[in-house]
Amino acid sequence: MRYWLMKSEPDDCSIDDLAAMPEQTVAWYGVRNYQARNFMMNQMAVGDRVLFYHASCPEPGIAGIAQVASPAYPDATQFDSSSRFFDPKCRPEQPRWFNVDVRFVRKTRLIGLPELRDTPELANMRVLARGNRLSITPVDPDEWRFITETMLELKTDEL
DNA sequence: GCCAACGTTGGC
DNA sequence: GCCAACGTTGGC
């Protein structure tokens, strides 16, 4: 099992929005970056755990835990001319963009970006790297354990 | 709204 | 294959 951090704009889909979804599951559509797409296509597996991160908002940071709920499949919005994610270069017989489904696990206290940056154990987190713009980044098992067990005081059966 | 950083595009 | 121009991300 791998661990990930996935950014979402809470105006779009917050952790509360995810919890309120049917099946508490949402399609992670709209990724238009090859590196992030490749993580979903090639490395994610159903059951992988996810740090749900609120981005582009007044208090950016980790807001909850989620899990990967489906394999990657073609992102429907790439063919939808009414979508802001429409990609006119894409044809259904050769989809370019893919997404997984993500399911709610739990809401947590907000671990804000300043707190993440102030935590020496997380100094090497991908998402904190200078200039990082990826909306999906891998999380090391040690980082996952530190965040969930030490910072959030969650037990294994709560994840 | 600003801007640093990075990805993508396209001319050559 | 280089690289300038442009677009996007996302914190502040």
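Note on naming: letters A, B, ... go to the chains in the order of the sequence lines (proteins, then strands), and numbering restarts at 1 for each one.
- Side-chain contact annotation: A/D75 with A/T77, donor-acceptor N/O pair under 3.5 Å present.
- Candidate nucleotides B/dT8, B/dT9, C/dG10 were compared by shortest atom distance to the side chain of A/K89, and B/dT9 ranks first.
- In this structure, the CH2 atom of A/W97 is 13 Å from the P atom of B/dG7, given to the nearest Å.
- Whole-Å rounding puts the A/E59 CD to C/dG10 P distance at 18 Å.
- Taking the six-membered ring where tryptophan is involved, the planes of A/W4 and A/F39 are tilted, since the angle between them lies from 30° to 60°.
- As a whole-Å value, the separation of A/N38 CG from B/dT8 P is 10 Å.
- Residue A/Y53 places at least one side-chain N or O under 4.0 Å from the OP1 or OP2 atom of C/dG11.
- C/dT8 atom P lies 19 Å from atom CD of A/Q35, rounded to whole Å.
- C/dG11 atom P lies 12 Å from atom CG of A/L110, rounded to whole Å.
- Remark: P of C/dT9 and CD of A/E9 are 8 Å apart, rounded to the nearest angstrom.
- In this structure, A/Y34 atom OH and C/dG7 atom P are separated by 18 Å, rounded to whole Å.
- Relative orientation of the A/W144 and A/Y3 rings is parallel, given thresholds of 30° and 60° on the angle between their planes.
- Straight-line distance from the CD1 atom of A/I136 to the P atom of B/dG7: 15 Å, rounded to whole Å.
- Using a 4.0 Å cut-off, no side-chain N or O of A/K7 falls inside it from OP1 or OP2 of C/dT9.
- Enclosure of atom CD in A/E59 is not indicated, since only 12 or fewer non-hydrogen atoms of other residues, nucleotides or ligands lie within 6.0 angstrom.
- The phosphate of B/dA5 has OP1 or OP2 within less than 4.0 Å of a side-chain N or O from A/R130.
- Checked against C/dG10, C/dG11, B/dG7, the side chain of A/P60 finds its nearest nucleotide in C/dG11.
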